[in-house]
Structures are given as structure tokens and as C-alpha cells.
Amino acid sequence: MSTERTACGAPRAADAGSEVTVFGWVDRRRDHGNLIFLDLRDHSGILQVVISPQTAPAAHAAAHGVRLEYVLRVRGKLQPRTAQNVNTRIDTGEVELHAEECTVLSVAATPPFPVNEETDVEEGLRLRHRYLDLRRPRLQRNLRRRATFIAKLRTVMTEMGFTEIETPMMIRATPEGARDYLVPSRLQHGSFYALPQSPQLYKQLCMVAGLDRYFQVARCMRDEDLRADRQPEFTQLDIEMSFVDEEDVFAVLERAISTAWTASGFRGAITTPFPRLTWHEAMDRYGVDKPDVRFAMELCDLTETVRGCGFRVFNDAVSSGGVVKGITVTGGADLTRSDIEGRLTDVVRTFKARGLAYLWRRETGWVGGIAKFFSAAELEAIGEATGASVGDAVLMVADRPSVVAAALGALRNHVARERSLAEPDEMAMVWVTEFPMFERDEETGEVTPLHHPFTMVHSEDVDLLESEPLSIRSRAYDIVLNGREIGSGSIRITDPAIQRRVFAAMGIDEDAAQRKFGFLLEAFQYGVPPHGGFAAGVERLVMEGLGEANIRDVIAFPKNQQAQEPMTGAPAMVEEEQLRDLGLSLSLRPVAPAPPRAVPPE
RNA sequence: GGCCCCGUGGUGUAGCCUGGUUUAACACGCCACCCUGUCAAGGUGGAGAUCGUCGGUUCAAAUCCGAUCGGGGUCGCCA
């Protein structure tokens, strides 16, 4: 299009009198029979076009047949609006375009859902017509802000001396961690590439290579079930640095995120440095390893307070090695018995707690079904320990420590949401440090690494590797924002002796280690700098920054909960010939093959 | 795999609990006509859903029950 183009959102009062040509979609039309008003929309905004049958009969005739979402070219003169006709709701509201020529570039069928307003539409329909959903202002804004954020991250990282390096997308499968997406090899039948869950090993090899400071805006793929903040493919700001300890990594992340945050116009303010919290502290005080610290309502340990009390549930839990903890709901006197025994108990049951005990503190004293099991002194002590005042409620769980923590941690978040305890625009970043090195798999009983097997052991705990692996702290750390895990990283093991002992603790013998990670161990023999890094989830940051509750709303073409992409119908079956080329044959008939819609052949 | 929520014209909702005056209502959109200043334009008229699907209960089902499909949330899972 050789014509000079003026963006719809550009014209201002000062542009009145100029001759312009605009292109865009019809956002609204108001046809008065003679005079026709069209709101023309493009990426930049909306401009009112006026078409009069007297001054532009041909344009008027054309405009009469125009419908919503038609694509138009309009040439004319920008005119100022009279004072009473100014529209303050749009940026171009002080002017309007008096059409001289109006050309329909493309007609449009009636859209399956409104494009010109922000009504909620069923998500399946939105995904199926994603190009229309993306045409709407909210997603336009989200994608632009996301782009700004990423661009700024790149700038800051580069300024800090990092080199962006692209690592391969077709890599060797790693048995650890998330399920891999596999790509069959045509040249080596029976062999498969995997799509990267993260560039972890490559970035460490970059350190061996002496690249010193690596970063990448990396696409990652994990074949796991989806959540509101989890997609099978997502983007990480991936970082690795040589000759550093935790504080160096923290400083880089704090600067990168806070700078890009501000530059992208994200909500709230990010203040640095981010507060630090050890994993143990987080679990004790919040019950979760990703605490939302915008509100208090911290967990309070009542184990000793209730030891030997007359309430059997508590007593049994304590005497069998369990714990009793509670949270104090300020003003919780308004919680009814059915609130607590209904939906609040459902919350803790999800996390395997058998029930939720509760006490109200009223003017008249402690009330609640279990109050009668406690002596006055015990109730006094509970009040002391929980800090509950008159008008508050105390909600308690007794069980194994892990169950109590998970149940009350979830309950704390639930109650906070119900009662709007968090300031919506507060951005509470926190580093959670000193994660345990290992955990015991509840099902298999095996010791498995919490982070990955190259995470360095806390120097004070090295001697416990053989005797007490489960109590070892690692040098792994997470960033948590408003109760959401934003990313994680660690200082890595570069000492072969320690690496061997860590593998041993995990039950990986020398052979297995060589088989799985031999290339990395070999590389480390040639002079490896001490190094560490981090990976931050870009979508999760953008979600928080934009106040979006769902990751799909910050991704252009996301997958649904079944990991399908309803617009193109991926995944789909392939031709027999493609399988033959790859040396594959299917042993199972796919159960539900039909994609919602086939890709139209071009 | 478990649990929870949702499924009514093109879109968003009401009706469902307490089955029957509903020929299934409302708003937006759509179609036609009228209309010189609107900007969520206005007016008049019109088309459009047998209530996701299947089965059951009942004289009677959008409404009650069961199953199933689809969408979402969540637990498990995500080194």
C-alpha cells in the first residue's frame, strides 16, 4: 500500500485540517440514514469517521453497506469537533475524519463473539477464533506489554554484561524431572530428540566454555498437566553466571526484574532488594514454600500448648509425633459453623487433613464445639500463643507436620482471598533460600532431589550427605511473588567428589551417572568455574504485572487444559507415510482423534 | 487418575433449588425499514435456541435422577 498511512489512534486536535488516509476495522457504526458515523479501529486506537451523502456520495454509498469488522481504507480531512461533540473516552476524541473516499478492503462475516467489547466469552470459542480474541483490546495490551517487558529484560541483561545464547531445541532426553516431549529421528530410526524442559545443562556448559555470563529468553516444554499458571510450552528468562555466589545472582535478578517491571508499566512497584526467607522459615510461618507475604495470618505452633489436653484428636496427633498448628482469622467471629465445617474444611481435606478444629473468641470467652475439652488455663495459653483477640477465630489442624503445613498453608491463602486481605497492587517479592537438598518420595520411599542433581550442598551440611540426606540444605533458591513461584535457581556443584556423593545419596551409581550426565561430568574435568544461575517464568511475571489470573491471557496462542490448540487442531494424527519415514508404527488407535477443525489447506 | 464448578438462540445471562400459565425471558449482535451529529446513537418490525448428548422418573422435564461428552479450576504431577 503505497498510500501514506495515519494510525487510527494518532490524530489530535493539532492535526485538524490535515488530509489523511487511515486503515482499520469497523469497531462500531452509527448509520443515521444520511449521516453515517464509523469508528475505525487499528492497533493504536479508534478514530471516528463521518460520512456525509452531500460531500461524499460515493463514500456514503459504500459506507452504507459496511458492517462490524469490515476492513476499510478511508481518505479524508481531519476536522476539529465542536466543544459539545468532543468524545473524552477516546484519545482522538477532539477530532474526526470527514471522509472523501471510503473503500472496503475486506468484508467480514458476523464474528462468533463480540470483538468490540470485553464481554466474557467461553474460552473454547475464544481459542478457536484466537485471531478475533487477540483483536480485542485486553489481549492486544497484554501482548504488547509482554513484548515490552521481554525487550527491556534483554536490554538490562545485556547492559549487565550477559551474552544471549541460543541453545538447541532438539536435545537428548533426560529421564529426571518433567515428562519430555519427544521428536522422532528420521535418520536414526528408534532414536528420539527431546524438546528442552529448560536449557539447564547447556547453560552450565556455557560456563565451562568461559562465556562467563549467559542469558536466554528460552522456550521450554514440559509434558505435564496444565494449570491456571502452567502451559506445556512457556518462556523463561534463563541465566547462568560464573564465579558467583547467591548474592551475585540475587542482585542480577532484582535489577533485571525491577527495571523491566517499571519500564513495562506493570502494576504496583517492585522494591529491591527482595526480602529473604529460608525454606524452613517459610514452612514454619506460612506452611508453603511459596508464601504470599502480603498479609500476616501466620501459622502458629500449638503443639506444646495442647500437649496433654483433653481433646483426643489433638492429643493423639501430638503423642504420635504429629503437630498442632493454627491460624488466627482476625474478625473471624463472623465465620459460621457451616462456613468452617463446609468450605473451609473442604480446603484442608484436599491436603489430606482429616478435619479442621476451630474456636471463636467472644466477649463471653472461648466458644466452639471443642472448647469444652480445654481447661481455662489451656484456653488462656492458646489465646496467648495465637494472639487471638475478642472477635477473632482460630482454625487448627492436627496431623503429621507435612499435612498440617500444607493444609493450613492452603487454608491461609484461601481465607485471605475470601476476605480480600491482600492489597491488590502490592507486589511482594521474596527470595526463599536454603531449600532441602532431597525429599522422600511418599510413594516409592526414594530420596529424590528437590531441585536438580547439580545443586550445591550447603557448606555446613556436606558431612550429612551419607548419614542424614533428608536434613541437608541446598544452595537452591526461589523467587516468590504474591504467593506464586516465579522462578528458581541454585549454585551448582563443580567439585567432582561432592557430585559423586550427591549422586550416591540419590541412588545413582557411577555407571548411571556416566550414562545420564557423562558429557557434563567430562566437561567439568577440563576446568570448570564455580557457577550458579536462575530461571524466571516470564508468563508468570507478566500475569502478575498485568493483573491477569490466567496464563493463557498473556500468551498469543495458548493450549487448552487438554494441551490442544483448538484453532489449528494440534495435536493431530499424521499421514502413514510420515510415520513410515520415521520408522514408527502406532500400537494404539488414538481414542479421540478428531480435532475440532482441520487446518484448511492453503 | 481423584475432587469441584460450568454447559439455555451468534454472544452474555435469567429461568432450574420449589417439574405444569414460557408459545423458553432479557441485553447485545444479526436482517429490513425510518432517521443530518451520533459516539453503548435512536425508533419500528423481524429472524434466530426443543435448553451439550443419551437414558430414566413422571400424566408432564430446561427444571428431578443416572451416565456420557465438552470447557474451566484444583489435588496428584511439574528434577
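Below, chain A is the first sequence line, B the second, and so on; all start at residue 1.
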Across all chains, not counting sequence neighbours, the side-chain hydrogen bond (donor to acceptor under 3.5 Å, both in side chains) partners of A/Asn116 are none
Looking only at atom P, what distance separates B/G42 and B/C64, rounded to whole Å? 37 Å
Nearest whole Å is fine: how far is B/U38 C1' from A/Ile46 CD1? 15 Å
Can a donor-acceptor pair be found between the side chains of A/Gln48 and A/Thr92 at a distance below 3.5 Å? no
A/Lys290: what forms a salt bridge (charged side-chain N to carboxylate O under 4.0 Å, His left out) with it, not counting sequence neighbours? none
Side chains of A/Arg172 and A/Thr174: any donor to acceptor distance under 3.5 Å? no
Under the ring-ring contact (aromatic ring centres under 6.0 Å, His included) test, residues paired with A/Phe454 that sit two or more places apart: A/His452, A/Phe517
Between protein and nucleotides 4-16 of chain B, map the contacts as a letter string: B base, S sugar-phosphate only, - none, heavy atoms under 4.0 Å, written 5' to 3'. ------SSS----
Donor-acceptor pair present, A/Arg349 side chain and B/C75 base, under 3.5 Å: no
Quiz question: going by heavy-atom distance under 3.5 Å, is there a donor-acceptor pair between the base of B/G76 and the side chain of A/Asp225? yes
Between protein and nucleic acid, restricted to nucleotides 30-32 of chain B and to nitrogen or oxygen atoms under 3.5 Å apart, what atom pairs and distances do you find?
from: B/C31; atom 1: OP1; to: A/Arg67; atom 2: NE; distance (Å): 3.0
from: B/C31; atom 1: OP2; to: A/Arg67; atom 2: NE; distance (Å): 3.4
from: B/A32; atom 1: OP2; to: A/Arg67; atom 2: NH2; distance (Å): 3.3

Sorted by chain and number, sequence neighbours left out, salt bridge (charged side-chain N to carboxylate O under 4.0 Å, His left out) with A/Glu96 holds for A/Arg81
Scan residues 87-97 of chain A against RNA chain B and write down, sorted by residue number, each residue with any heavy atom closer than 4.0 Å; if none is found, say none. A/Asn87, A/Arg89, A/Glu96
Could you check whether A/His98 gets within reach of a base, just the sugar-phosphate, or nothing at all, counting any heavy atom under 4.0 Å? base
What string of B, S and - do you get for nucleotides 43-53 of chain B, 5' to 3', when a contact is any protein heavy atom under 4.0 Å? -----------
Name the nucleic acid region contacted by A/Asn550, choosing base, sugar-phosphate or nothing; use a 4.0 angstrom heavy-atom cut-off, strictly under. sugar-phosphate
Could one point to a donor on the side chain of A/Arg552 or the base of B/G72 with an acceptor on the other under 3.5 Å away? no
Would you kindly give the CG-to-C1' distance between A/Asp31 and B/C34, to the nearest whole Å? 11 Å
By ring-ring contact (aromatic ring centres under 6.0 Å, His included), which residues pair with A/His32, not counting sequence neighbours? A/Phe37
How close do A/Ala410 and A/Phe351 get, heavy atom to heavy atom, and via which atoms? CB-CE1, 3.3 Å
Partners of A/Arg417 by salt bridge (charged side-chain N to carboxylate O under 4.0 Å, His left out), sequence neighbours excluded? none
Please confirm whether any donor atom in the side chain of A/Arg230 sits under 3.5 Å from an acceptor in the base of B/C78, or the reverse. yes
When you measure from the side-chain N and O atoms of A/Gln562 to the phosphate of B/G72, is any distance below 4.0 Å, counting only OP1 and OP2? yes
Test item: A/Val415 and A/Leu411 side chains (from C-beta on) under 4.5 Å apart, heavy atoms: yes
Between residues 197-207 of chain A and RNA chain B, which residues have a heavy-atom gap below 4.0 Å? A/Gln200
Is there a side-chain contact (heavy atoms from CB on, under 4.5 Å) between A/Met283 and A/Asp289? Walk through the geometry before answering. CA-CA 6 Å; A/Met283 295 304 287; A/Asp289 60 6; 4.2 Å; yes
Under the rule for salt bridge (charged side-chain N to carboxylate O under 4.0 Å, His left out), what residues qualify as partners of A/Arg230, not counting sequence neighbours? none
Centroid under 5.5 Å and tilt under 30°, A/His32 to B/G37: no
Output yes when a side-chain donor or acceptor of A/Gln54 lies under 3.5 Å from a complementary backbone atom of A/Asn34, and no otherwise. no
